[in-house]
2 protein chains.
Amino acid sequence: MAKFSKELVGATSIPIILSILSTKESYGYEIIQSVKKISNGQIEYGDGTIYPVLHKMEKKGLIESFWKVSENGRKRKYYKVVEPGIELLKLEKENWLIVNQIISKLWKIEPNLT
Amino acid sequence: MAKFSKELVGATSIPIILSILSTKESYGYEIIQSVKKISNGQIEYGDGTIYPVLHKMEKKGLIESFWKVSENGRKRKYYKVVEPGIELLKLEKENWLIVNQIISKLWKIEPNLT
DNA sequence: AAACATACATAGAACTTCAATGTATTGCAA
DNA sequence: TTGCAATACATTGAAGTTCTATGTATGTTT
């Protein structure tokens with residue numbers, strides 16, 4: 001997969017997916033494409049990564065899924081974020097900013113803040 | 001422990017410890033105190049967190065340990081970072097900056113990088 | 001002497017990761 | 001028409017990770 005450590009991937013996959021779904025509902029394959037595009041190819045989730053994470057998020061009540069048929073007849077499992085997911089996303093953002101400040105202080109670089 | 005998710009803790013513990021050890025050699029208990037101080041109490045590693053991570057880092061050849069006796073007779077296991085650890089720290093920094101930019105773009109926060 | 005802080009260690013239950021493998025369907029090139 | 005690639009979702013399980021709980025030990029303070 002990508003060059004990032006699995007720890008970093010593990011720590012950011014849910015926040016990233018929640019962010020994408022908070023702008024519009026999407027399906028697994030498209031989410032993979034979105035992340036690849038947004039990261040200029042730096043992050044590339046595999047099937048074995050995205051689907052278990054989506055299933056876990058749904059099980060945790062962060063997102064909901066529903067099937068749709070596209071215009072060419074293709075069946076897709078769409079996901080949309082629900083309230084608990086929105087709340088978690090806010091929390092993840094706050095925490096990320098805090099940790100980023102700590103790390104920036106440690107590394108003597110300017111943290112990015114609003 | 002702290003309020004951060006274990007994923008975020010897991011993704012940042014090694015880079016943070018490497019950073020601390022890159023400024024001066026230290027021992028477990030002191031590293032815990034340093035991190036707590038730098039983060040204003042936001043991050044608080046427990047014994048069960050810090051020692052397994054230090055052992056893993058040593059096993060991976062990132063750091064080396066040696067015992068010292070302090071002025072009051074107390075034996076302490078000091079750790080110092082070695083070349084592979086320096087290299088990994090550079091990599092972790094780069095990756096963190098990249099991921100931070102991706103996340104910031106996603107969250108519409110202006111990243112401000114050196 | 002007891003309590004607390006300091007100091008290091010480990011077990012193991014619970015959880016996580018993701019490559020490998022699977023099934024399925026549509027579009028396109030040969 | 002066939003074969004391949006892209007699209008699309010799914011699951012297993014080996015390997016790894018997390019961290020509470022518990023342990024031992026020692027110096028300092030009460």
Side-chain angles (χ1 to χ4, degrees), chain A residues 1-17 20-21 25-37 43-60 62-80 99, chain B residues 1-17 20-21 25-37 43-60 62-80 99:
Chain A
M1 219 268 283
K3 59 181 182 154
F4 299 128
S5 70
K6 66 190 180 98
E7 288 81 10
L8 202 42
V9 172
T12 55
S13 55
I14 291 185
I16 286 176
I17 293 170
I20 290 173
L21 293 180
E25 60 198 31
S26 186
Y27 55 99
Y29 189 81
E30 190 182 56
I31 293 173
I32 291 176
Q33 299 303 324
S34 299
V35 173
K36 188 174 181 179
K37 185 177 175 183
I43 300 180
E44 230 179 297
Y45 295 140
D47 293 331
T49 297
I50 196 76
Y51 293 106
V53 170
L54 284 172
H55 296 162
K56 185 176 74 174
M57 290 169 74
E58 185 171 23
K59 192 173 179 181
K60 283 184 172 185
L62 305 175
I63 58 179
E64 283 174 3
S65 68
F66 50 98
W67 287 90
K68 263 189 185 180
V69 179
S70 70
E71 53 288 342
N72 67 353
R74 176 85 72 175
K75 284 192 293 183
R76 292 167 175 158
K77 197 175 188 183
Y78 276 83
Y79 293 91
K80 66 173 184 178
V99 171
Chain B
M1 219 268 283
K3 60 185 183 149
F4 299 128
S5 70
K6 66 191 177 97
E7 288 81 12
L8 202 43
V9 172
T12 56
S13 55
I14 290 185
I16 286 177
I17 293 170
I20 289 173
L21 293 180
E25 60 198 31
S26 186
Y27 55 100
Y29 190 80
E30 190 181 56
I31 293 173
I32 291 176
Q33 300 303 325
S34 299
V35 173
K36 189 174 181 179
K37 186 177 176 184
I43 300 180
E44 230 178 297
Y45 294 141
D47 292 332
T49 298
I50 195 74
Y51 293 107
V53 170
L54 285 172
H55 296 163
K56 186 175 73 174
M57 290 168 75
E58 186 172 21
K59 193 173 181 182
K60 284 185 171 184
L62 304 174
I63 58 179
E64 283 173 3
S65 68
F66 50 98
W67 287 90
K68 262 191 186 179
V69 178
S70 71
E71 54 285 345
N72 67 354
R74 177 82 72 174
K75 285 189 294 181
R76 292 168 174 157
K77 195 175 189 183
Y78 276 84
Y79 293 89
K80 67 173 185 177
V99 170

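Keep in mind that the numbers below use all heavy atoms, side chains included, and drop hydrogens, waters and symmetry copies. To find a chain, count down the sequence lines: A is the first, B the second, and so on, and within it residues start at 1. Predicted, not measured: the structure shown is a model, and the values here were computed from it.
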Listed nucleotide nearest any side-chain atom of A:Trp67, set C:dT26, C:dT6, D:dA10: D:dA10
Less than 4.0 angstrom between a side-chain N/O of A:Lys77 and OP1 or OP2 of D:dA10, yes or no? yes
For residues A:Tyr29 and A:Ile50, determine if any side-chain heavy atom of one lies less than 4.5 Å from a side-chain heavy atom of the other. no
Given C:dT26, C:dA9, D:dC9, identify the nucleotide with an atom nearest to the side chain of A:Arg76. D:dC9
Under 6.0 Å from the NZ atom of A:Lys36, do we count more than 12 heavy atoms belonging to anything else shown? no
Testing C:dA5, C:dT10, D:dG27 for proximity to the side chain of B:Tyr51, the answer is C:dT10
What's the verdict on side chain to side chain contact (heavy atoms under 4.5 Å, CB included) for A:Ile17 and A:Ile63, showing C-alpha distance, side-chain angles and the deciding distance? CA-CA 10 Å; A:Ile17 293 170; A:Ile63 58 179; 5.6 Å; no
Proximity to the side chain of A:Lys6 - top-ranked nucleotide from C:dA5, C:dT17, D:dC19: C:dT17
Quick check: do B:Asp47 and B:Ile32 have side-chain heavy atoms less than 4.5 Å from each other? yes
Please classify the nucleic acid contact of B:Tyr79 as base, sugar-phosphate, or nothing, using heavy-atom distances under 4.0 Å. sugar-phosphate
On DNA chain C, check which nucleotide each of A:Asn72 and A:Lys56 is closest to and give me the residue with the more 5' one. A:Lys56
Could you give the CG-to-P distance, from A:Asp47 to D:dA6, as a whole number of Å? 13 Å
In whole angstroms, how far is the P atom of D:dA8 from the CD1 atom of A:Ile31? 12 Å
A:Glu30 CD - D:dC9 C1' separation (whole Å): 15 Å
Can you tell me which nucleotide in D:dT17, D:dT28, D:dT7 comes closest to the side chain of A:Tyr29? D:dT7
Please tell me if B:Lys75 has a side-chain N or O lying less than 4.0 Å from either OP1 or OP2 of C:dT6. no
Length of the CG-C1' vector between A:Leu8 and D:dT17, whole Å: 16 Å
Roughly, in whole Å, what's the span from CD1 in B:Ile50 to P in D:dT20? 13 Å
Within the structure, does a side-chain N or O atom of A:His55 lie under 4.0 Å from either OP1 or OP2 of D:dT11? yes
What integer distance in Å separates B:Arg74:CZ from C:dA5:P? 13 Å
Roughly how many Å is it from CD in B:Glu44 to P in D:dT18, rounded to a whole number? 18 Å
Residue whose nearest DNA chain D nucleotide is more 5′ - A:Gly28 or B:Pro52: A:Gly28
Tell me whether the rings of B:Tyr78 and B:Phe66 are parallel (<30°), tilted (30 to 60°) or perpendicular (>60°). parallel
Between C1' on C:dC8 and OH on B:Tyr27, what's the gap in Å once rounded to a whole number? 12 Å
